[in-house]
> 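The structure that follows is given in the form of structure tokens.
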Amino acid sequence: MKQDTVEIIRNVLEDLKNRWGLEDIPGIEVEIPRNGGMGDIATTVAMRLAKPLGKPPREIAAEIVEKIKEQEADLFESVETAGPGFINFRFRGEFLCRSLAELLRKGRPALRTDTGKGRRIQVEFVSANPTGPLHVGHGRGAAVGDALCNILKAAGFDVQKEFYINDAGLQVRLLGESVFARYRQILGTGAPFPEDGYRGAYIESIAKEIHDRYGDRYRERTFEECGEFFTEYAYRMMLSGIERDLRDFGVVFDRWQSERELHLQGKVREALEELRSKGLLYEKNGATWFRSSRFGDDKDRVVVKQDGEYTYFASDICYHKYKLERGFDTIIDIWGADHHGYVPRIRSVLEAFDLPRDKFRVILIQMVSLLRHGEPVQMSKRAGEFITLREVMDEVGADITRFIFLTRRADSHLDFDLDIAKEQSAENPVFYVQYAFARISSLFRQASERGIRIEDAEAGAADLKMLAEHEETSIIKKLLQYIMVVESAAHACEPHRITYYLQELAGMFHAYYYKYRIISGDDRLTRARLALCRGVQIVLEDGLGLLGVSAPEKM
RNA sequence: GCGCCUGUAGCUCAGCAGGAUAGAGCAACUGACUUCUAAUCAGUGGGUCGGGGGUUCGAAUCCUCCCAGGCGCGCCA
């Protein structure tokens with residue numbers, strides 16, 4: 001729908017270019033008019049041409065319309081100028097039927113586009129420290145990141161999903177110390193608990209597990225002697241737990257990048273050497289600094305501490321450089337919004353390496369506030385009291401959780417009410433969309449008893465011209481908009497646009513279903529309507545798939 | 001103090017890469033189940049898009065100042 005229209009406009013502008021003495025054709029933007037009465041699709045190109053041509057937009061629009069009418073009479077029922085210089089297009093019924101038939105014949109592959117042109121995008125998300133279980137905020141990042149990747153793939157990008165593991169440095173060591181202390185407590189030979197140690201119950205259960213397997217083997221040892229064992233053991237446990245939680249949440253990464261590996265492979269040192277050779281490192285107060293302030297950061301940053309240890313920023317310098325060296329056209333980082341101060345720092349790194357800054361995008365995920373009975377659930381990470389993603393999944397289910405995470409823009413706060421999430425009420429939009437899918441499945445179950453199969457709806461046997469009700473043409477048009485929605489969601493990196501679209505489509509279907517009889521005494525009409533329902537079902541299934549939410553046949 | 005995000009209907013939020021008369025759900029009120037799943041549908045009311053200035057054919061959208069809320073601002077991660 002979009003491509004057809006844009007192509008036609010482009011051809012016409014190509015013709016008019018010389019008459020106008022125009023150098024370049026501007027980007028042709030089409031949009032869906034807010035008010036359906038205005039048309040099916042509209043372009044603002046005449047208004048954009050007003051300035052370069054020095055002519056009133058309506059006049060330009062009129063010229064374009066005339067030309068389109070000469071050349072493309074069969075696609076559009078009407079093409080007209082409107083308002084300040086819009087050109088509104090209305091498609092012929094035959095075009096809509098043809099498009100629906102194509103969707104039915106090809107199925108979900110018809111919903112893919114190639115706007116990404118196979119460009120390689122890497123999305124790094126979750127990347128939770130392996131020092132504790134995933135909490136709800138991580139879950140939101142996982143849902144957004146995974147859906148975004150699905151959307152980018154659907155829009156024709158070549159996508160890699162990566163989890164960056166902060167397995168070097170102080171925090172994992174602190175994890176090991178915490179477990180060690182709990183282990184000693186089990187033995188009754190209390191070791192001092194580290195001041196900033198991890199206090200969650202999961203620490204005790206790891207200690208217990210070590211005790212069950214190894215008994216008092218480490219009774220007489222100090223942490224200096226056996227810390228590596230405890231750290232390694234605990235970290236492995238945490239990481240596999242994270243992986244398991246993510247898998248059960250429907251998120252599987254293509255690649256897990258270990259920070260420690262970057263150090264061991266000497267990549268961190270190499271990256272810093274490169275900066276040094278560019279004259280961008282200097283020594284001060286016994287530490288090594290990076291001149292990030294030259295590239296828009298607030299101040300310079302330490303990369304090697306006084307004690308000789310690398311900072312996390314040092315590995316991040318290396319990591320982001322390394323990611324771009326792996327040949328991605330774009331790298332997207334998804335961070336918790338509390339890390340936003342880090343953005344200019346990483347940008348400064350890319351500039352320092354002469355890497356284009358527009359190759360790097362950050363999506364910030366705002367906080368999730370968990371509510372129960374409308375009251376905030378108290379959480380204290382320090383005391384180890386926080387609601388884990390696992391608990392939420394167990395309580396309300398992965399589908400609902402994912403959907404709710406995707407009902408807001410990433411950068412707005414989200415109140416997640418566990419009670420409402422569990423309720424199967426109208427306040428819960430997941431069911432609304434899934435129910436539309438299940439209803440259609442049910443229709444086909446009934447139809448099969450009458451000898452009409454789902455394959456019949458797909459084969460193009462139905463006479464789609466019978467879909468003459470305005471609700472029916474509206475639904476077809478809505479189906480054809482899906483690709484545009486996917487493209488815009490990919491472009492803006494905003495998965496929630498799919499969520500909203502699905503709710504709208506489901507709403508149109510529910511209203512249609514209620515008003516009209518799908519399976520009736522009229523066999524031809526029945527087949528045509530089932531074909532339309534099948535179209536809706538294909539798009540709903542695809543959209544839910546992008547969000548990582550299941551499409552149940554029965555509810 | 002500096003920076004980032006947010007501010008749209010009573011509530012929760014959409015509003016797409018400036019576009020046409022700013023939308024949805026919930027809540028409130030009216031109605032619809034002997035009929036393909038009522039987890040549904042039809043309808044009514046509800047707005048100074050936080051405020052002021054600016055950019056232009058045109059601003060909820062871009063710029064600027066102010067106000068309010070959240071979050072950051074370590075040789076922590």
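Below, chains carry the letters A, B, ... as their sequence lines are ordered, and counting in each starts from 1.
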> Say you pick atom P in rU61(B) and the same atom in rA20(B); how far apart are they, in whole Å?
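Approximately 12 Å lies between the P atom of rU61(B) and that of rA20(B).
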> Tell me which nucleotide, if any, is Watson-Crick or G-U wobble paired with rG53(B) when both distances must be under 3.5 Å.
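Paired with rG53(B), as far as the under-3.5 Å criterion goes, is rC63(B).
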> Please confirm whether Phe125(A) and Phe163(A) have ring centers closer than 6.0 angstrom.
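Phe125(A) vs Phe163(A): aromatic centres not under 6.0 Å.
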> Can a donor-acceptor pair be found between the side chains of Tyr164(A) and Asp333(A) at a distance below 3.5 Å?
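The answer is no; no qualifying pair exists.
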> With a cut-off of less than 4.0 Å, is there a side-chain N or O of Arg439(A) near OP1 or OP2 of rA38(B)?
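Answer yes for this pair, as a side-chain N or O of Arg439(A) is under 4.0 Å from OP1 or OP2.
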> When you check the side-chain N and O atoms of Thr131(A) and Gln171(A), is any donor under 3.5 Å from an acceptor?
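Side chains of Thr131(A) and Gln171(A): no pair found under 3.5 Å.
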> Have a look at Ala287(A) and say if it touches a base, only the backbone sugar-phosphate, or nothing, with a 4.0 Å heavy-atom cut-off.
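Base, at least one base heavy atom under 4.0 Å.
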> Could you check whether Phe416(A) gets within reach of a base, just the sugar-phosphate, or nothing at all, counting any heavy atom under 4.0 Å?
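If one applies the 4.0 Å heavy-atom cut-off, Phe416(A) turns out to touch nothing in the nucleic acid.
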> Expressed as a whole number of Å, how far does the P atom of rC67(B) sit from that of rC76(B)?
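Approximately 35 Å lies between the P atom of rC67(B) and that of rC76(B).
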> What interatomic distance, in whole Å, is found between P of rG7(B) and the corresponding atom of rG43(B)?
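One P to the other, the span is 30 Å.
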> Any idea which of rU40(B), rC71(B), rU12(B) is nearest the His510(A) side chain?
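Output: rU40(B).
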> Look at the side-chain N and O atoms of His496(A) and state whether any lies under 4.0 Å from the OP1 or OP2 oxygen of rG15(B).
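Looking at the OP1 and OP2 atoms of rG15(B), one of them is under 4.0 Å from a side-chain N or O of His496(A).
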> Quick one: label Thr44(A) by what it contacts on the DNA or RNA (base, sugar-phosphate, nothing), any heavy atom closer than 4.0 Å.
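Base: the residue Thr44(A), judged by heavy atoms under 4.0 Å, touches a nucleobase.
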> Under 4.0 Å between any heavy atoms, over every strand shown, what does Lys284(A) touch: base, sugar-phosphate, or nothing? Just pick one.
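Touches a base.
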> Just to be sure I understand the rule, does Asp298(A) reach a base, reach only the sugar-phosphate, or reach nothing, if contact means heavy atoms closer than 4.0 Å?
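Answer is nothing: Asp298(A) stays at 4.0 Å or more from every strand.
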> Tell me whether His491(A) is stacked on the nucleobase of rA17(B), counting only the six-membered base ring and applying the 5.5 Å and 30° thresholds.
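Check passed, His491(A) stacks on base of rA17(B).
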> Provide the distance between the two P atoms, one in rA27(B) and one in rC71(B), to the nearest whole Å.
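Going atom to atom, P in each nucleotide, I get 31 Å.
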> Checking all strands, does Ala489(A) fall into the base, sugar-phosphate, or nothing category for heavy-atom contacts under 4.0 angstrom?
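The residue Ala489(A) makes no contact with any strand.
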> Expressed in angstrom and rounded to an integer, what is the separation of Tyr282(A) atom OH from rC75(B) atom C1'?
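Taking atom C1' of rC75(B) as the reference, OH of Tyr282(A) is at 12 Å.
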> Any side-chain N or O of Lys299(A) below 4.0 angstrom from OP1/OP2 of rC75(B)?
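No, Lys299(A) has no side-chain N/O under 4.0 Å of OP1/OP2 on rC75(B).
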> Provide, to the nearest angstrom, the distance between the CG atom belonging to Asp419(A) and the C1' atom belonging to rU12(B).
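It is 16 Å, rounded to the nearest whole Å.
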> The side chain of Gln171(A) is closest to which nucleotide in this list: rG3(B), rA77(B), rU12(B)?
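Of the options given, the side chain of Gln171(A) lies nearest rA77(B).
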> Give Arg517(A) one of three labels, base, sugar-phosphate or nothing, depending on what nucleic acid heavy atoms sit under 4.0 Å from its own.
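Base contact - Arg517(A) has a heavy atom under 4.0 Å of at least one base atom.
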> Nearest to the side chain of Tyr342(A), heavy atoms from C-beta on, is which of rC36(B), rA20(B), rA77(B)?
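Looking only at side-chain atoms, Tyr342(A) lies closest to rA77(B).
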> Measure from the side chain of His340(A), starting at C-beta and using heavy atoms only, and say which of rU6(B), rC36(B), rG72(B) lies closest.
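The nucleotide sitting nearest to the side chain is rG72(B).
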> Would you indicate which nucleotide in rC16(B), rG72(B), rA38(B) comes nearest to any side-chain atom of Asp338(A)?
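The listed nucleotide nearest to Asp338(A)'s side chain is rG72(B).
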> Any side-chain donor-acceptor pair under 3.5 Å between Gln257(A) and Tyr319(A)?
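No, no side-chain donor-acceptor pair sits under 3.5 Å.
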> Identify which nucleotide among rA14(B), rA77(B), rC71(B) has an atom closest to any side-chain atom of Tyr500(A), counting heavy atoms from C-beta outward.
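So the nucleotide nearest the side chain must be rA14(B).
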> For rA68(B), which nucleotide is its Watson-Crick or G-U wobble mate, given both distances must be under 3.5 Å?
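With both distances under 3.5 Å, rA68(B) matches rU6(B).
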> Counting the atoms with a prime plus P, OP1 and OP2 as sugar-phosphate, which does Met47(A) contact under 4.0 Å by heavy atoms, base, sugar-phosphate, or nothing?
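Base, at least one base atom sits under 4.0 Å.
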> Looking at rU6(B), rA14(B), rC41(B), which one has an atom nearest to any side-chain atom of Tyr432(A)?
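Shortest atom-to-atom distance from the side chain points to rC41(B).
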> Taking 4.0 angstrom as the limit, do Glu80(A) and Arg90(A) come out as a salt bridge?
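Here Glu80(A) does not pair with Arg90(A) in a salt bridge, since their nearest N and O are not under 4.0 Å apart.
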> Can you tell me if the side-chain N/O atoms of Ser369(A) get under 4.0 Å from OP1 or OP2 in rG70(B)?
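It does not, given that no N or O in the side chain of Ser369(A) lies less than 4.0 Å from OP1 or OP2 of rG70(B).
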> Expressed as a whole number of Å, how far does the P atom of rG50(B) sit from that of rG31(B)?
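The same atom, P, in both gives a distance of 37 Å.
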> What is the distance from CD of Glu504(A) to P of rA24(B), rounded to the nearest Å?
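Result: 10 Å.
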> Looking at Ile454(A), Leu530(A), Ile452(A), which one forms a side-chain contact (heavy atoms from CB on, under 4.5 Å) with Leu443(A)?
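It is Leu530(A), the one option of Ile454(A), Leu530(A), Ile452(A) that forms the side-chain contact (heavy atoms from CB on, under 4.5 Å) with Leu443(A).
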> When the P atoms of rU44(B) and rG23(B) are compared, how many Å lie between them, rounded to an integer?
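After rounding to an integer number of Å, I get 14 Å for this pair.
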> Taking CD1 from Ile32(A) and P from rA14(B), how many angstroms apart are they, rounded to a whole number?
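These atoms are roughly 21 Å apart.
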> Classify Pro84(A) by what it touches in the nucleic acid, base, sugar-phosphate, or nothing, heavy-atom distance under 4.0 Å.
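If one applies the 4.0 Å heavy-atom cut-off, Pro84(A) turns out to touch a base.
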> Choose from rC75(B), rG70(B), rA20(B) the nucleotide whose nearest atom is closest to any side-chain atom of Asn88(A).
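Of the candidates, rA20(B) comes closest.
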> Will you find, in the side chains of Thr44(A) and Arg48(A), an N or O donor that is under 3.5 Å from an N or O acceptor?
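Result is yes, a qualifying pair exists.
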> Given that both distances must come in under 3.5 Å, which nucleotide forms a Watson-Crick or G-U wobble pair with rC11(B)?
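Pairing partner, where one exists within any strand: rG25(B).
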> To the side chain of Glu29(A), which of rC4(B), rA14(B), rA17(B) is closest?
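Output: rA17(B).
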> Please give, in whole Å, the distance from rC11(B) C1' to Leu371(A) CG?
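Atom-to-atom, Leu371(A) to rC11(B), this comes out as 13 Å.
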> So, His510(A) versus Arg439(A): side-chain donor-acceptor pair below 3.5 Å or not?
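A donor-acceptor contact under 3.5 Å links the two side chains.
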> Measure from CE on Met508(A) to P on rG25(B) and round the result to the nearest Å.
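The distance from CE of Met508(A) to P of rG25(B) comes to 13 Å, rounded to the nearest Å.
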> Please compare Gly286(A) and Tyr516(A) by the position of their nearest nucleotide in RNA chain B and report the one closer to 5'.
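Nearest-nucleotide comparison on RNA chain B picks Tyr516(A).
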> Does the ring of His339(A) meet both stacking tests against the six-membered base ring of rA77(B): centre distance under 5.5 Å and plane angle under 30°?
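One would call His339(A) stacked on the rA77(B) base.
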> Under 4.0 Å from OP1 or OP2 of rU6(B): is there any side-chain N or O of Arg408(A) that close?
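Checking Arg408(A) against rU6(B): no side-chain N or O falls below 4.0 Å of OP1 or OP2.
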> Can a donor-acceptor pair be found between the side chains of Glu29(A) and Thr43(A) at a distance below 3.5 Å?
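No.
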> For atom C1', what is the distance between rC2(B) and rG74(B), given to the nearest Å?
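So the two C1' atoms sit 16 Å from each other.
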> Looking only at side-chain atoms of Tyr514(A), point me to the closest of rC16(B), rA38(B), rU12(B).
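That would be rA38(B).
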> Which value, in whole Å, describes the distance between the P atoms of nucleotides rG47(B) and rA24(B)?
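My reading of the P atoms in rG47(B) and rA24(B) gives 14 Å.
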> What does Ala436(A) touch in the nucleic acid at a heavy-atom separation under 4.0 angstrom: a base, only the sugar-phosphate, or nothing?
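If one applies the 4.0 Å heavy-atom cut-off, Ala436(A) turns out to touch nothing in the nucleic acid.
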> Using a heavy-atom cut-off of 4.0 Å across all strands, would you classify Arg409(A) as base, sugar-phosphate, or nothing?
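Counting heavy atoms under 4.0 Å across all strands, the contact made by Arg409(A) is with sugar-phosphate only.
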> Base, sugar-phosphate or nothing for Ala447(A)? Non-hydrogen atoms, less than 4.0 Å.
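No contact.
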> Quickly work out the Leu406(A) CG to rC13(B) P distance and round it to whole Å.
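Rounded to the whole Å, the gap is 15 Å.
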> Figure out the CG/P separation between Asn285(A) and rC75(B), and round it to whole Å.
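In whole Å, rC75(B) P and Asn285(A) CG are 10 Å from each other.
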> Using a heavy-atom cut-off of under 4.0 Å over every strand shown, decide if Gln503(A) touches base, sugar-phosphate, or nothing.
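Contact class for Gln503(A): none.
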> Applying a 4.0 Å non-hydrogen cut-off, can you work out what Glu553(A) is touching in the nucleic acid: base, sugar-phosphate, or nothing?
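Glu553(A): base contact, heavy atoms under 4.0 Å.
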